[in-house]
Amino acid sequence: MMIPNQSYFIFFLSLIFNTLASPTLQRDALLEFINEFPIPDDPFPESLSSWNTSSDHCSWEGVTCNANSGEVISLVLEHTFLNGSLKANTSLLRLQHLQHLNLTVCDLRGEIPSSLGNLSHLKSVDLSYNELVGEIPSSLGNLSHLRYLDLHFNGLVGEIPSSLGNLSHLKYLALSNNNLVGEIPSSLGNLSHLTDLHLVNNHLIGEVPPSIGNLDQLKVMNLGSNNLSGNIPSSFANLNKLSYLSLSRNQFSGGDLPLILPNLTSLSYLALSHNHIKSKLPSNMSGLHNLELFEAKDISRFLKLGYLYLSNNSFIGSIPRSMSKLVSLYSLDLSYNKLEGQIPSFLWRLSTLRLSHNSFSSLEEVVVNGSDSDLGSNSIHRPTSYVDIGSNSLQESFPRWICKFTSLVVLDLSNNHLFGSIPSCLMNSIASLGYIILRNNNLSGFLPDIFTNATDLQSLDVSRNQLVGKLPKSLINCYSMQYLNLKGNKFKDTFPSWLSSLGSLSILFLGSNAFYGPISSDVGFSSLQLIDISHNGFNGTLPQDYFVNWLEMSSGWRNKNESEWSSHNVQENSSYLEYMGGINYEDSMDMMYKGVDTKFPLIFVGFKSIDFSGNNFTGQIPKSIGLLNELIHVNFSRNGFTGSIPSSLANITHLEALDLSHNKLTGNIPRDLARLSFLSYLDFSHNHLQGPVPRSTQFLSQKCSSFEDNLGLYGLEGICGPIHVPHPTSGDSQQSEEFSSEESEEVLNWIAAAIAFGPGVFCGLVIGYIFFTSHKYIWFMEKFGRN
């Protein structure tokens, strides 16, 4: 028989639960929750338009109730602009039977309230794609019924709470794309039902705990883009249901891959690129029948393997011949390793082949059967479109069988030791080619006239070879050409002004060849952003309006957060800058920048430069150079330019480097140049400049050598230190310079000696008078009057 006090207690609890489950109270809790956010009235979110007191809350969009009790069990408000933070005492806590909470892409801010751990019936929580900050509350480990937890793409910090290992029913855990630190807690190995683990793009460190190998139900694991180190745990061999594994972009140094990989018989995607794994490529993985995308090592019976990415590791040895059995392989990336030996011919059936930055020494000759070979198509009828074998040690003639590839888009054989001529049969592939990169080899002969149908060609780089002769006029048909680099060859031709008709041409490098003659053009290069014609034999004068039609250099793309476009910026800020090239390939270059021969592995779209140095130009520098106000770099050095420095240079407000050295320029340095706040490199040396040097930070920070051999310049004490040169005085002669005491004494002694000749006294006086009243005096003073 029940004791009366117990009956009253049970009745009291029942009353509380019935009250909390009251439809009115549930409705009010939902409305109060929405009112916690500053939701605008106009426009009011369409997903909340049904939320009003005149209708049943169970019919509101995003709300699901228990059919029997009317309790709210699901709240899905994804893509609703809440624009606020979850309060610690949020009204959601009154929805005690809530099982599913989805607030993804709701513009939530602030921290995740620890009180969320009190909603003990929760089975799924999705707060992804918001702006949540702070640490992950350890109280989430109290949600014993939780099966799904997604917090990715926020700004969460701190370590992963070990309490998450208490979620024994959890199947899906996504904490990727946050700022989490510390090690992966070993307690995650307790999640025996886990099928998906996403921790990519955080700052996790240390070794992966071996306990992760206990997750034998795991199908997807992405630990990429962290700072994880050590060996890949051997316990991973237990994960035989794993279909997707990414460990790329970490600091892993090794692991027993021959033991692990053959046991992962369900794998379809494996990524180990961008680590420090040192090993040979495994030779046999015959059990991996489902592997379709593999970024690691070892191969053999991956009959469904479609993609293999092993780049940026330290793999050694040669490419296993067993890879020829990968009949479904579509794309292979083994770049940036230490592989060597011969590149086997069976790889040419792949659509994408990236083998750059290794030590391969030769290409296995491709045997073509019959005149109609299927070379260039793989077993699943996808034509070869991308071949990058650059930066290896190939020592042979240009492989003519490449002419059989009629669907090539990218061909990169740069930075090798290829010799011989570029075959004219390349015309067979030219219609599809968008990028031909052959720089830095030993190729010789003429550049073949094969570009009649090259209407899709965007980049042609044959720089730093031994090519001779004239430019093929068929280049005029390259309507898509953006990048043309012929630098460092032996071309002998006049300036190709006819290239100005290529409306997309952005980069033109003709430097260090044997081009000659004037470069005048009536049209101008309206789309050019970079031009280098240095170290040739160009001559003549440039009209003052020469640069009027160079429109692209007077406007451009510039990242407002950056002040310099240097090779340092290219490497350090590559995560958000934009570069020249296309989706398939990014252009690179080397040029003299700020007095240093600089390599640019990428070319930022805002970098605009003119280099006319090392030629025989005469006359004045065109004043129209000042119209090109987006220029970063200007080099007119080592020519015969005369006249004054154009004051219009002060209009180039983004200018960082200006080199006018080794000319015959006269007059003063324009004071307005001191306003160029980005200017960090100047060279006016070896001219005939005079007058004061502008006093500004940009000038005072230069080297003394930037002004040397300009006998009329003064005001260099702040740059060169004390040089015992007095400033000009306003004496009767109104001269802008005077003798130093030592040199004056030397000159007077010479005059006295001349006068000492008795019979020649009269003549000496007459000659002295003529000398000091003629232009010879000016020359004399410039030569001997001061340093």
**Message:** Could you check whether any side-chain heavy atom of Ser345 comes within less than 4.5 Å of a side-chain heavy atom of Glu365, counting everything from C-beta outward?
**Reply:** no
**Message:** Checking Thr384 against Leu353 for the side chain to side chain contact (heavy atoms under 4.5 Å, CB included) test, could you report, in this order, the C-alpha distance in whole Å, the side-chain angles of both residues, the deciding distance, and whether it holds?
**Reply:** CA-CA 8 Å; Thr384 302; Leu353 179 62; over 6 Å; no
**Fill in**
Taking every heavy atom of Leu486 against every heavy atom of Asn513, the minimum-distance pair comes out as O-ND2, 2.9 Å
**Prompt:** Does the side chain to side chain contact (heavy atoms under 4.5 Å, CB included) test come out yes or no for Leu228 and Leu223, once each step is laid out?
**Reply:** CA-CA 8 Å; Leu228 300 169; Leu223 308 182; 3.9 Å; yes
**Between CZ on residue Phe346 and CD on residue Glu364, distance to nearest 0.5 Å** = 8.0 Å
**Message:** side chain to side chain contact (heavy atoms under 4.5 Å, CB included) for Leu460 and Leu475? Distances and angles first, verdict last.
**Reply:** CA-CA 10 Å; Leu460 174 61; Leu475 286 171; 4.0 Å; yes
**Prompt:** Side chains of His276 and Gln251: is there a donor and an acceptor less than 3.5 Å apart?
**Reply:** yes
**Prompt:** So, Tyr435 and Gln458: side-chain donor and acceptor under 3.5 Å apart, yes or no?
**Reply:** yes
**Prompt:** Within a radius of less than 6.0 Å around CZ of Phe491, do more than 12 heavy atoms belonging to other residues, nucleotides or ligands occur?
**Reply:** yes
**Prompt:** Is any side-chain heavy atom of Asp461 closer than 4.5 Å to a side-chain heavy atom of Phe509?
**Reply:** no
**Message:** Checking the side chain of Asn250 only, and the main-chain atoms of Asn226 only, is there a donor and an acceptor separated by less than 3.5 Å?
**Reply:** yes
**Prompt:** Judged by atom type as modelled, is there a donor-acceptor pair below 3.5 Å linking the side chain of Asn275 to the main-chain atoms of Phe252?
**Reply:** yes
**Asked** Does the side chain of Asp449 pick up a donor-acceptor pair with the side chain of Ser474 at under 3.5 Å?
**Response** yes
**Message:** Nearest 0.5 Å, please: how far is NZ in Lys470 from CZ in Phe446?
**Reply:** 10.5 Å
**Request:** Report the distance from atom OG1 of Thr406 to atom CG of Leu433, rounding to the nearest 0.5 Å.
**Result:** 10.0 Å
**Message:** For Arg400 versus Pro423, what's the shortest heavy-atom pair and its separation?
**Reply:** NH1-CB, 3.2 Å
**Item:** Check: Asn416 side chain, Leu418 main-chain N or O, donor-acceptor pair, under 3.5 Å
**Value:** no
**Request:** Please examine the side chains of Ser506 and Glu552, heavy atoms only from C-beta on, and report whether any two atoms are closer than 4.5 Å.
**Result:** no
**Message:** Do Phe153 and Asn177 have side chains that approach each other closer than 4.5 Å (heavy atoms only, starting at C-beta)?
**Reply:** yes
**Message:** Can you confirm whether more than 12 heavy atoms, excluding those of Phe398, are under 6.0 Å from its CZ atom?
**Reply:** yes
**Request:** Indicate yes or no for a side-chain donor-acceptor contact from Asn227 to the backbone of Leu204 under 3.5 Å, with no hydrogens or angles considered.
**Result:** no
**Request:** For Glu396 and Leu363, indicate whether the former's side chain and the latter's backbone hold a donor-acceptor pair under 3.5 Å.
**Result:** yes
**Asked** Atom NZ of Lys487 and atom CG of Asp611: how far apart are they, to the nearest 0.5 Å?
**Response** 7.0 Å
**Request:** Evaluate the side chain to side chain contact (heavy atoms under 4.5 Å, CB included) criterion for residues Phe405 and Leu411: first the C-alpha distance (whole Å), next the side-chain angles of each, then the deciding distance (0.1 Å), finally the verdict.
**Result:** CA-CA 10 Å; Phe405 292 91; Leu411 175 62; over 6 Å; no
**Message:** Checking the side chain of Asn313 only, and the main-chain atoms of Phe315 only, is there a donor and an acceptor separated by less than 3.5 Å?
**Reply:** no
**Heavy-atom side-chain contact between Asn465 and Ile422 under 4.5 Å** = no
**Message:** Closer than 3.5 angstrom, by distance alone: can the side chain of Ser432 be matched with the main-chain N or O of Leu408 as a donor-acceptor pair?
**Reply:** yes
**Request:** Give the minimum heavy-atom separation between Asp456 and Ala431, together with the two atoms involved.
**Result:** OD2-O, 3.5 Å
**Request:** May I ask you to test the Ser480-Ser504 pair for a side-chain heavy-atom distance under 4.5 Å?
**Result:** no
**Prompt:** Counting distance only, does the side-chain N/O of Arg249 pair as donor-acceptor with the main-chain N or O of Asn201 below 3.5 Å?
**Reply:** no
**Item:** Flag, side chain of Ser527 to backbone of Leu505, donor-acceptor distance under 3.5 Å
**Value:** yes
**Fill in**
Looking only at heavy atoms, the pair that brings Ile402 and Leu426 closest together is CG2-CD1, 4.4 Å
**Message:** As an exercise, state the distance from CE of Met553 to CD of Gln529, rounded to the nearest 0.5 Å.
**Reply:** 8.0 Å
**Item:** Heavy-atom pair with the smallest gap, counting every atom of Phe360 and Asn392
**Value:** N-OD1, 3.1 Å
**Request:** Hey, can you tell me if Phe538 and Phe515 have their rings parallel, tilted or perpendicular (30° and 60° cut-offs)?
**Result:** parallel
**Request:** Begin with the C-alpha distance, continue with both residues' side-chain angles, and end with the deciding distance and a verdict on side-chain hydrogen bond (donor to acceptor under 3.5 Å, both in side chains) for Asn415 and Asn440.
**Result:** CA-CA 5 Å; Asn415 300 310; Asn440 200 23; 2.9 Å; yes
**Message:** When you compare the side chain of Asn179 with that of His203, does any pair of heavy atoms fall below 4.5 Å?
**Reply:** yes
**Message:** I'd like to check Arg439 versus Asn485 (side-chain heavy atoms, cut-off strictly below 4.5 Å). Are they in contact?
**Reply:** no
**Item:** Ile260 CD1 to Leu239 CG distance, which is reported to the nearest 0.5 Å
**Value:** 9.0 Å
**Prompt:** For Asn337, does its backbone N or O pair with a side-chain atom of Asn358 as donor and acceptor, under 3.5 Å?
**Reply:** yes
**Asked** Do we see a donor-acceptor contact under 3.5 Å between the side chains of Ser609 and His633?
**Response** yes
**Minimum-distance pair of heavy atoms, taken over all atoms of Trp498 and Leu471** = CZ2-CB, 4.2 Å
